Amino acid sequence: MNTDLVLEIVAGFCLVLGALMSLAAAIGLLRFSDLLSRMHAATKPQVFGLLLLLIGLALQLRSWAAVPVLIVAWLFQLLTVPVSAHMVGRAGYRTKHLHRETLSVDDLDAVVQKAAAEEAERRKADAAEEAALAADPELAAELAADGDAGKKPAGKSKSALRTKEPKEAAAKASARRRRES
Amino acid sequence: MTRSRIPLLVEVPLLVWLVILWGALWQDFSAGNLIFGLLIALAVVNIFYLPPVELAGRLNLWAAAVFVAAFLLNVAKASFEVFWIALTRGPRTKNGVLAVKLRSHSDLLVTATGHTISLIPGSLVVDVDRSTSTLYLHVLDIPDPDKADRFREQVRRIEAGLIRAIGSKEEVAMVKAEAANRRNGGTS
């Protein structure tokens, strides 16, 4: 009877504290100002709250058969919560649903800017190459023939010749092949 | 459709997990049920093909236990921290997006670290650079660069704990060398 009482009290404590953690998550959702901070409130106290609720449940049920189910329930929570937080956070960051004024540091911003600059440069190089091909039909025909000879799909050979050096190399290779035949 | 066969040994951890899951969901760990679970696990693994998870083939039970204990303790701590920040500071909290470069290049370890980080110290993985195994984390309550450095240190510590538990031998050696280095640096 005595141990029963103790277990009851501990179970009750766990259930109340677990519920309190869910409340903490709710308060966090209300209090934080932007999406990324809100995801924090939705992940940490919630996972801990669920753990406490499940422990309370286990103490209340007092059956060993129920324990693996409860552990599995919590493990799945552990596995899925960070993934959903990551997906929402990533989508939020990429669609610029963030308040810059709440950030003191942003290491990712520099990386994104650099990638964007590189992308723009690549686009420009692509456009220049297209223009060169349009201006010089002979070279274009040569490149196309080369692409056929290498049995590469046309799109692929074009992307492989994106930079200038490969283009020259390909032209040289095709010239060599012509000499040999 | 051709695909490379996965050796059965690589599948064993997955099979064991599926059988345990089956038993747990039925709340029945009798031999008959487990054998039937194993048959279903084999069918599932063969029909729903997934790329294999590459384990390092090493498991330090003691380090794993230490890691799990620290994890549970820190989950509790982090929960109260987030609660406290939400209550006292709310919208005025200063956050940061930090890049943390990890030592390991194993997908499993990077994933596990990312998961742990999401649950423990008040952070959330915004993006991952797989080629350099860099995690970009949104971290709650980073008012100054000093705190950002401390946070990066914490992430690396969590990764070290994971490496000690399931990392490959080379990674463990790397962690040990680093720890020795720090100790020497501290005394001199």
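Residue numbers begin at 1 in each chain, while the letters A, B, ... track the order of the sequences. For clarity, every value in this text was computed on a predicted model and none was experimentally measured.
Within 6.0 Å of CH2 on A/W74 lie more than 12 heavy atoms contributed by other residues, nucleotides or ligands.
In this structure, the side chain of B/H115 engages the main chain of A/L79 through a donor-acceptor pair within 3.5 Å.
Both B/W22 and B/I47 belong to a single network of hydrophobic side chains, linked directly or stepwise wherever heavy atoms of I, L, V, M, F, W or Y lie under 4.5 Å apart. Transitive grouping of hydrophobic side chains (ILVMFWY, heavy atoms separated by less than 4.5 Å) keeps A/L15 and A/L51 in distinct clusters. A/V69 and B/L34 fall into different hydrophobic clusters, where Ile, Leu, Val, Met, Phe, Trp and Tyr are joined by side-chain heavy atoms under 4.5 Å apart, directly or via other members. Linking ILVMFWY side-chain heavy atoms closer than 4.5 Å, directly or via other members, places B/L73 and A/I71 in two distinct hydrophobic clusters. Put simply, A/L61 and A/I55 are part of the same group of oily side chains (I, L, V, M, F, W, Y) that touch within less than 4.5 Å, one to the next.
Closest heavy-atom contact between A/P45 and B/V82: CG-CG1, 4.1 Å. A/R31 approaches B/A86 most closely through the heavy-atom pair NE-O, 2.8 Å. Heavy-atom minimum distance, A/V72 versus B/A24: CG2-CB, 3.9 Å.
Heavy atoms closer than 4.5 Å to chain A are found in both the backbone and the side chain of B/L87.
Between B/F83 atom CZ and A/L20 atom CG the span is 5.0 Å, to the nearest 0.5 Å. To the nearest 0.5 Å, the span separating CG on A/L75 from CH2 on B/W17 amounts to 5.5 Å.
The aromatic rings of B/F80 and A/F48 stand perpendicular to each other, their planes meeting at an angle above 60°, with 30° marking the opposite boundary.
The candidate with the highest count of non-hydrogen atom pairs below 4.5 Å against chain B, out of A/V47, A/L78, A/V81, is A/L78.
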